[in-house]
Structures are given as C-alpha cells and as structure tokens.
S.K.: 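Right, I'll just put the structure down here and ask away after.
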Protein chains: 2
Amino acid sequence: MAAIKPSVPKGTRDFSPAEMVKRNFIFDTIKGVFRKYGYQQIETPSMENLSTLMGKYGDEGDKLIFKILNSGDYLSKVDPQNLGTLNSNLVTQDISEKALRYDLTVPFARYVVQHQNDITFPFKRFQVQPVWRADRPQKGRYREFFQCDADVVGSDSLLNEAEFVLIYDEALSALGLKDFTIKINNRKVLSGIAEVIGKADSIIDLTVAIDKLDKIGLDGVIKELLDKGFTDADIEKLKPVILLEGSNGAKLASLRSALEASAIGLKGCDEIETVFNYISKFKIQRATVELDITLARGLNYYTGAIFEVKTNEVAMGSIGGGGRYDDLTGMFGLKGLTGAGISFGADRIYDVMEELNLFPADANQTTRVLICCFDKEGEEYALPLLQQLRTGGINAELYPAGAKIKKQMEYANNKNIPYTVLIGSEEMQSGLLAFKDMASGVQQKLSATNIVTQLKSN
Amino acid sequence: MAAIKPSVPKGTRDFSPAEMVKRNFIFDTIKGVFRKYGYQQIETPSMENLSTLMGKYGDEGDKLIFKILNSGDYLSKVDPQNLGTLNSNLVTQDISEKALRYDLTVPFARYVVQHQNDITFPFKRFQVQPVWRADRPQKGRYREFFQCDADVVGSDSLLNEAEFVLIYDEALSALGLKDFTIKINNRKVLSGIAEVIGKADSIIDLTVAIDKLDKIGLDGVIKELLDKGFTDADIEKLKPVILLEGSNGAKLASLRSALEASAIGLKGCDEIETVFNYISKFKIQRATVELDITLARGLNYYTGAIFEVKTNEVAMGSIGGGGRYDDLTGMFGLKGLTGAGISFGADRIYDVMEELNLFPADANQTTRVLICCFDKEGEEYALPLLQQLRTGGINAELYPAGAKIKKQMEYANNKNIPYTVLIGSEEMQSGLLAFKDMASGVQQKLSATNIVTQLKSN
C-alpha cells in the first residue's frame, strides 16, 4: 500500500492529549459556572432536518450549511428535470434532507418548541457542542468548532442579564484572565437614537457605522454616515451620543437627556439602569463593566440587552457575546417566548490563555507516577504498588517490563509525568524504592506505602 | 407561520437535562478510570476525508457511512457521463469528498499515522465522541451514538490486556453494577482449534457456529457445522473443546492437551495464561473473569486477546468488548504497530442502570437551592445571599420576583431542587429565613449564614 500520509479535511482539527487537557479545563470551568447559576445541560443531535435549519441564517448562511447526502440510491428519487438543469440548489432538495447544525441557537429553539410540554419555564439551559460551517478556513476560523452557550427562555426579568455579567466575570476570572471588559448596550437605545434624529428606518446603516468607531475613528464614522444619506444636522445630533464619556452613570444620564423625546429610547435607558442596579448588588471579581452604545452585534436578532466581552491583555476579537431576543421560538410557531443568552468563544479564550501562559502548570499532566522496572521480576514486584496507587485515586502507570530505563524515563518526560518509581534488585531486597521528582531531579528511597501517602498528600 | 411541530431526524436524539446528568455520570466515571490507568484523551474531527473511511468497513459498512455534500455549486464539478448513468455510487465520488466518522478506530489509526512523529509510544489514548451510521433505526440502535474507546498502540505486553480487565472491573463497579462477566478468549486458540481438526481454512465457519452455542445449544451448533461441510469425525474432536467446563485453570489445561499439536494454539494458551496470571496479582472488585472459547467477536480484526462484557443482572447484549489487533495502522501505510483496545457500550450501560435503578438519587439535581421571594423588596434582600451561596460553591438560583410562590415551588419540584429559601416581610425583619427541605417538607428558620453553612456541610 502506498504510504500516503493521511490528513484531516481542511478547516478541521485533531486535538492531542495536551490540547484536550487544556480544552477540558476551559469547558469544565465554564460548565461549572453555568451550573452554579442554575443552567442545565442539554445536547441536541449533530444533524437536523434541513427544513429546521434553512432560512434561519440568511442566504449566505444557507450556503454555509453542510448538507448530508441521503443514504442508499438517492439519485433514484431525484426529479430528472431538476437534475437536467445542473442547478445545485434545486437538486440539493432532492438528494439531501439532513444537515449539520450551524449553531446551537436554532437547535435550541427547535428543542424548546418540540419539548415545550416537558419543560418548566423559565428554562435555563446550557449547551457545549461542535457546530459546522462551510466557511473558507483561515487563521482562527474553523469549519468545525465548539460553541458554548447559555440561554434562558420564558423570563423577562433583567436579573438574567445581570447574572450573565456575573457568569462572564466568574468564569473568565476562574480561567485566570485578569483584565477584561464586559460591554453592555441595549437595542432599544439604538432604536431611540435613530428615532430622535428622525431616521428610524436607517437604524441598520446607523449602527453599522457607529459600531466601527473603534476601528475607523469619529471622522471615518461621519464619512460613512454622510455616504449613507445622513445630513450634517443628523450628525451634529448624533455626536454627543456617539462620544459619550465618563462613568456608566454619567453616560446614562447624558443618554437619557439626549433620548428624552423617544419612548423606546428611554425604555432602553431604564433597562440598562436596572441591569446596572442589579450588578451593583454583587461583588464583581475582575471584569470592567461598561456601557458602550456603539455596540451593535447581531442587531437584527436582539431586542433588548446586547453584550460583548473583550480581553484587555492581548489583541483579540471578542471572546464572548449575547443579548436578549423577544421571539426566538417564533420561527417554529411558538410565539411570545422571550429569552436571553450568552456565548463563550472557546477557541479564542484558548489562544488568549496560551499567549498569557494561564494554563495551570499541571494542566499537561494526566499520569501522576510511572513505575519503572528492569525485568519481569521487578514488574511482578510492582503490581501491588500499582494497584495501591490507583486505589488511592492516583493516576499511575507501569511501563511494561523489558524496555531500557532510559526509554522509560523519556516516556515519563514526554508524557509530562511528574514522579517515577524505580524498582531494581536492590530496591526489591530492601523494600525501599527509588522515588524521583522528575522536575527537581530529587530522589528519595521510600517504602511503597510512603510513596502512596506522599502522592496522596500533594 | 404554520405551527408544524419540529422534530429531529429519525435515529437521532435530544438529551434533556435529566438525561445529560446521567450520561455525564457514566462518561465521567469511565473517563476517570481511563485516566487512572494512564490513558489520555484525544478528539478527532467529526468529518474525515471520504478516502480515509471508504473500504475500511466492508461493502455494507461503506453504504452506512453518511457522506457530506460538497459545498457551493457541486454539480458543476460532476462528470455529466456519470450523472447520466443515474448511478448513485458513481456520482457520490464527484459530489462528496467528506463523510461523518463511522467509528473511533479508523480515525484513531489515521491520527496515529498522521502524528506519529509527535507521539511517544506506547501510546495509550481514550476517545469519547459520537459516531454516525445510516443504519435502519430500531430499539436501542441509533444513527448517532457515542463510542467510548481506550486503545494502546506500540506495546505487545500482555499487561495491557490484564489492565483492560481491571478497567472494566473498576468502571462498571463504580457505576454500581454488581454482577457482570468479563469473557476472554484468544484468536490464536481459535486458529489452533481449526488447525487440529484440519480445517484451518474454515475458521470463520467454525467460529461463527460455536459463537452461537449460548443461543442454539450444542445440537444446533453441530447441525450448522455439518451443514457447512464439517464431518462427524471433526465434530467428535471439537466437542470436548466446545464444552470445556470447570475453572479457568481447568479449562486452560484441557485446552492445552487438545491443542498440543498446534503451535499457534499453544501460543494462544500461553497468552491467556499470562493474562490470567497478571490478573491474579490484582484484587478484582465485582467482575467474574471467564475464559470462553466460544467468544469470536470481530474475528477478522483481532489477532490475540478477545474481550466481551455482559451484565448478569438484566437481559442485555454485550456492554463492552475489544481485543488485540496486530496491524491497525497498516491501512494507512504504517506497518508493524501492534495494539489492543476496548470499548464501553454507553447506551446499553445507561439502559442497564435505569432498569436497576443505579443512578445516584441526586443524579437529577443540578441546582441545590432556590431562593423564593414575594416582591422586588425580597428580591433585593436576597441578592447578597445568592452570591454568598455561589461563592461557597453551591449551585443556587433566585426565582425572579413577581411570580406566585406556588409557581416558584413547582419550579423547584420540577427541577428537582432539594432546598428552598423563602423570603417574606417577616423573614426580612427578623433576618431568619424559611429554609425548607423539599423532600421531607421540614422547614427551619435560619440566618443566611447558617443556611450557607448547612448547605456546604451536606
């Protein structure tokens, strides 16, 4: 057989043992925080019916959905006329009825509608599963990646929004991030701004432009607004709002006076104030919480709060985001169920933690101790110790007899095993085994029992 | 929008919060044991190149692989002549280059070959991920299901085989199973049996027949063997081997004398004896370990030990299996790497545990305590306690103010929350909150601090 080195499809990844330990550290930390706040895990199938997914992500999204070929003799069921057109879109309907999920939100909406009679509302669920997108792969963008979402449906209490801030704060602090900002905005405030300048219909153009303030500066934003048909007078009215400064309280006060003519704008201000009020009752660990009215992500989707999280320690896009949406399940015929949710960008958090060296030093260790022996006799001698260690809850391995000690030590080093026990004839005679701390190189002669005790205590 | 209730594709499943807690309990237990024995986790992409998967599972298997439609205008790349034939198999090659993994073994082999320069051998890996098969769905058979595998490659030590027995014993005991049998056989013994009756070429027919001894009895096996062209004389030679009785030691002794003319058969006996010898050095918790020479699963694949695990408490197919294979990575051009592996049947283990009521009583609890209040004032009063609880590591929720207490209690019951704290005006005045054990109905008046202390201690 030709030795063609096999590979994975582009945009997909293998995760090595060292990477898995780090990924698990991130996911376990976030899951633990979700649970602490009453969120419960669900999982949905990787495949959904094509009809569940299509039309939910816009035309561009539809194209990026991975479709699964029907099994069996699928061409026998294709309309020959469709096939004759060589129009892929037409034919797809005949040869594919399932697809890989594109995100966790639409499957969650489907889940809620399907199981509505079994669910107690408010329903607080979290979900950590891979999603697939036929995007062009590039640095940091994959065709298979994990999403890590928490959503609550059936509760309009703004306490949920405040708790999302607490969840971000607690999870990212636990992961070791020291300086990050949770930005908050509200869709109603954006509507209010558009309303007071008499451009309610241009809210998309408006928010797309001011969302770029960070990148292109005020002059850039003004230029873009003028291009989109905004007048100089509009822009004069907008400036004080875009350039809000000071504390969150000061910003909110300015915003209130700027939006006093807009009922919806003031409603947005009220909501923001309530959320900040809730937050003020809690101790925040490391996050900076900031009102940022230029924040507009997912605008078409969100109806209330909008969140985005950024680290201030390294240059990196947002590491989290979310918001409130008023009609998530409407797409499946269940109206009037309000919800809110957030997402953690696990891949980016991984990169941040790597760059800042935040993974615990022992994140790489899976086996605590390797027992090394010279021969079958040593191996047999070692077996009771091996079991004693494992019974004590210590991850332990015995290198099968016959290999050179040098090779066994290399194995310990490559696998990042912090301790070894060497069993030679002298050790068997005395009952004192050579217990070595691989990092310091310090070696002690200890009885088997003392080795177990020492490993259990540190 | 028409309210057509959405559904999942047939053969796939949603997992509810209650199911997830139980599934996590199973997977976490097994993963913990894998780690204790030095196995390290990896993950591979859900999609593999079609060329990686095709031809590895036989013709039937190839048909059951879910293929993914190429993105974009895939028909533009199809050979019109192929398309004209309406031959689905021919066309698939043109419109699909990726597929969903069918098991974890082939992706693991691909992983080892692809990353061979980064791997320290012996490489002990475990992997818990979903696989997909376009099988006809039926009770207990799904199109998406999780496999839970541990394999070691690059070590021919039979200590690995013994440790697999220990892993099964420890994991299944930890899950609460009380009576289960780990059956062991060896492919070389089966070869030896075929050899001594002069039917080495008929080993498949032979083992397929004797594998059915449990189901169809000795007469049935004899009938099948006669149908397959075995003679009465062959069968007389076979009988004592098929009907081995007594302890494992006694069986092995009889087997040795029956196979004394077969070098490979005796080699198989030696291997079995070595494995049993290793096992005898360890304390087995609850498993019965049994030599069963009728065990033949995956015969074409295994070259040494063969394992199968069955529960003796409920009627159920095997809940685990595995064995040694000498050339796993040969399919990708890397020859001579021996390996061995086992798998846990997680779905069946789940069903066994449900039937035997083995899930811990609190397996259903995700939130420990729900704080209930009558109004906004109570809500504000509750916030510091809410944070105190969470800081103490206790999963806690506050039901947002405004709902009737009855509804809040229903929420606690439906979510299986074991404790509630009720905060009314009297409680706020006295600082003594109504702390209720939902199972017993017992209610105490406690300070916030004492509630936290009490919850932390139990």
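So you know, we letter chains A, B, ... as the sequences are listed, proteins then strands, and number each from 1.
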S.K.: With a 4.5 Å cut-off on heavy-atom pairs, point out which of B:Phe126, B:Phe15, B:Phe121 contacts chain A the most.
M.R.: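 If we count pairs closer than 4.5 Å to chain A, B:Phe15 comes out on top.
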
S.K.: Which answer fits B:Asp156, side chain, backbone, both or neither, if we ask what part of it has an atom under 4.5 Å from a heavy atom of chain A?
M.R.: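 Contact with chain A is absent: no heavy atom of B:Asp156 under 4.5 Å.
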
S.K.: If you count heavy-atom pairs under 4.5 Å with chain A, which of B:Arg23, B:Lys415, B:Lys98 comes out on top?
M.R.: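 Of the options given, most contacts go to B:Lys415.
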
S.K.: Go through the atoms of A:Ser71 and report whether side chain, backbone, both or neither lie under 4.5 Å from a heavy atom of chain B.
M.R.: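 Just the side chain, heavy atoms under 4.5 Å.
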
S.K.: Which of the residues A:Gln114, A:Glu97, A:Arg368, A:Lys281 is involved in the greatest number of heavy-atom pairs with chain B at under 4.5 angstrom?
M.R.: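 Greatest number of close heavy-atom pairs with chain B: A:Gln114.
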
S.K.: So for B:Ser88, is it side chain, backbone, both, or neither that comes closer than 4.5 Å to the heavy atoms of chain A?
M.R.: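 Contact with chain A involves both backbone and side-chain atoms of B:Ser88.
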
S.K.: Between A:Glu144 and B:Met47 (side chain of the first, backbone of the second, donor and acceptor by atom type, cut-off under 3.5 Å), is there such a pair?
M.R.: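 A pair under 3.5 Å: no.
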
S.K.: Checking side-chain polar atoms at under 3.5 Å, does A:Thr92 have a donor or acceptor matched by the opposite partner on B:Tyr74?
M.R.: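 Yes, B:Tyr74 and A:Thr92 have a side-chain donor paired with an acceptor closer than 3.5 Å.
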
S.K.: Without swapping roles, check the side chain of A:Tyr278 against the backbone of B:Glu380 for a donor-acceptor pair under 3.5 Å.
M.R.: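 Not a single qualifying donor-acceptor pair exists.
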
S.K.: Against chain A, work out which of B:Ala18, B:Gly72, B:Ser46, B:Ser157 has the most heavy-atom pairs shorter than 4.5 Å and name it.
M.R.: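 If we count pairs closer than 4.5 Å to chain A, B:Ser46 comes out on top.
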
S.K.: Let's go through B:Leu83 and A:Leu83 carefully: what are the C-alpha distance in whole Å and the side-chain angles of both, what is the deciding distance for side chain to side chain contact (heavy atoms under 4.5 Å, CB included) to 0.1 Å, and is it a yes or a no?
M.R.: CA-CA 8 Å; B:Leu83 199 60; A:Leu83 199 59; 3.9 Å; yes

S.K.: Find the distance between OG1 (B:Thr367) and NZ (A:Lys124) and round it off to the nearest 0.5 Å.
M.R.: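 Here the interatomic distance stands at 6.5 Å.
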
S.K.: Between A:Ser96, A:Pro122, A:Ser51, which shows the greatest number of heavy-atom pairs under 4.5 Å with chain B?
M.R.: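 Among the listed options, the one with the most contacts to chain B is A:Pro122.
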
S.K.: What part of A:Glu163 is in contact with chain B, defined as an atom under 4.5 angstrom from a non-hydrogen atom: side chain, backbone, both or neither?
M.R.: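 Just the side chain, heavy atoms under 4.5 Å.
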
S.K.: Tell me, side chain or backbone of B:Phe123 under 4.5 Å from chain A's heavy atoms, or both, or neither?
M.R.: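 Side chain only.
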
S.K.: When only pairs under 4.5 Å are counted, which of A:Thr12, A:Leu389, A:Leu166, A:Leu370 shares the most heavy-atom pairs with chain B?
M.R.: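 Of A:Thr12, A:Leu389, A:Leu166, A:Leu370, A:Thr12 has the most heavy-atom pairs under 4.5 Å with chain B.
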
S.K.: Of the backbone (N, CA, C, O) and the side chain (C-beta and beyond), which part of B:Ile394 lies under 4.5 Å from a heavy atom of chain A, both, or neither?
M.R.: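 For B:Ile394, backbone heavy atoms alone lie under 4.5 Å from chain A.
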
S.K.: Sort A:Tyr399 into side chain, backbone, both or neither according to what part of it lies under 4.5 angstrom from a heavy atom of chain B.
M.R.: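 Side chain only.
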
S.K.: Could you walk me through whether B:Asn24 and A:Gln41 satisfy the side chain to side chain contact (heavy atoms under 4.5 Å, CB included) test, starting with their C-alpha distance in whole Å, then the side-chain angles of each, then the deciding distance to 0.1 Å, before giving a yes or no?
M.R.: CA-CA 10 Å; B:Asn24 284 338; A:Gln41 189 173 15; 2.8 Å; yes

S.K.: For the residue pair A:Ile68 and B:Leu100, establish whether any side-chain heavy-atom pair is separated by less than 4.5 Å.
M.R.: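 Answer yes - side chains close enough.
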
S.K.: Where is the tightest heavy-atom contact between A:Lys5 and B:Val113, given as atom of each residue plus distance?
M.R.: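 That closest heavy-atom pairing would be CE-O, 3.7 Å.
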
S.K.: Check the pair A:Ser76, B:Leu86 against side chain to side chain contact (heavy atoms under 4.5 Å, CB included), reporting the backbone distance first and the verdict last.
M.R.: CA-CA 7 Å; A:Ser76 67; B:Leu86 288 181; over 6 Å; no

S.K.: Between A:Asn49 (side chain) and B:Ser7 (backbone), is there a donor-acceptor pair under 3.5 Å?
M.R.: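 The answer is yes, because a donor-acceptor pair under 3.5 Å joins these two groups.
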
S.K.: Hey, which of A:Gln116, A:Glu379, A:Glu410, A:Lys63 has the most heavy atom pairs under 4.5 Å with chain B?
M.R.: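 Greatest number of close heavy-atom pairs with chain B: A:Glu379.
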
S.K.: Among residues two or more places apart or on two chains, list those pairs meeting salt bridge (Lys or Arg N to Asp or Glu O under 4.0 Å) that have a residue in residues 38-53 of chain A.
M.R.: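 Only A:Glu48-A:Arg110 qualify under salt bridge (Lys or Arg N to Asp or Glu O under 4.0 Å).
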
S.K.: Among B:Val91, B:Val33, B:Asn277, which residue forms the greatest number of heavy-atom pairs with chain A at distances under 4.5 Å?
M.R.: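 Among B:Val91, B:Val33, B:Asn277, the one with the most close pairs to chain A is B:Val91.
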
S.K.: Counting only non-hydrogen atoms closer than 4.5 Å, does A:Ile95 touch chain B with its backbone (N, CA, C, O), its side chain (CB onward), both, or neither?
M.R.: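 Side chain of A:Ile95 only, per the 4.5 Å heavy-atom cut-off to chain B.
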
S.K.: Quick check on the interface: out of B:Arg125, B:Glu19, B:Arg35, who has the most heavy-atom pairs with chain A under 4.5 Å?
M.R.: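 Top count of heavy-atom pairs under 4.5 Å with chain A: B:Arg35.
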
S.K.: Do you know which of A:Asn89, A:Val8, A:Thr44, A:Thr391 has the most heavy-atom pairs under 4.5 Å to chain B?
M.R.: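 Answer, by heavy-atom pair count under 4.5 Å with chain B: A:Val8.
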
S.K.: Under a 3.5 Å distance rule, please check whether B:Gln40 uses its side chain to pair with a backbone N or O of A:Thr366 as donor and acceptor.
M.R.: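 No; judged by distance alone, with no hydrogens or angles, the pair does not exist.
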
S.K.: Could you tell me whether B:Glu170 and A:Arg390 have a side-chain N and a carboxylate O separated by less than 4.0 Å?
M.R.: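 A:Arg390 and B:Glu170: not salt-bridged.
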
S.K.: So which part of A:Leu159 gets closer than 4.5 Å to some heavy atom of chain B, the side chain, the backbone, both or neither?
M.R.: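 Just its side chain gets close to chain B.
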
S.K.: So, do A:Asp118 and B:Ser16 sit near enough that their side-chain heavy atoms are less than 4.5 Å apart?
M.R.: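 Sidechains of B:Ser16 and A:Asp118: no contact.
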
S.K.: Between chain A and each of B:Ala396, B:Ala134, B:Ala401, B:Ala162, count heavy-atom pairs under 4.5 Å; write down the option with the most.
M.R.: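 Heavy-atom pair counts peak at B:Ala396.
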
S.K.: Measure B:Ile65 against the heavy atoms of chain A and call it side chain, backbone, both or neither at under 4.5 Å.
M.R.: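 Contact with chain A is absent: no heavy atom of B:Ile65 under 4.5 Å.
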
S.K.: Identify which part of A:Lys10 has an atom lying under 4.5 Å from any heavy atom of chain B, answering side chain, backbone, both or neither.
M.R.: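 Looking at A:Lys10, nothing touches chain B.
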
S.K.: Looking at A:Tyr411 and B:Thr120, would you say the former's side chain and the latter's main chain have a donor-acceptor pair under 3.5 Å?
M.R.: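 A pair under 3.5 Å: no.
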
S.K.: Kindly determine whether A:Phe282 and B:Leu386 satisfy side chain to side chain contact (heavy atoms under 4.5 Å, CB included), including the steps that lead there.
M.R.: CA-CA 9 Å; A:Phe282 294 98; B:Leu386 184 60; 4.2 Å; yes

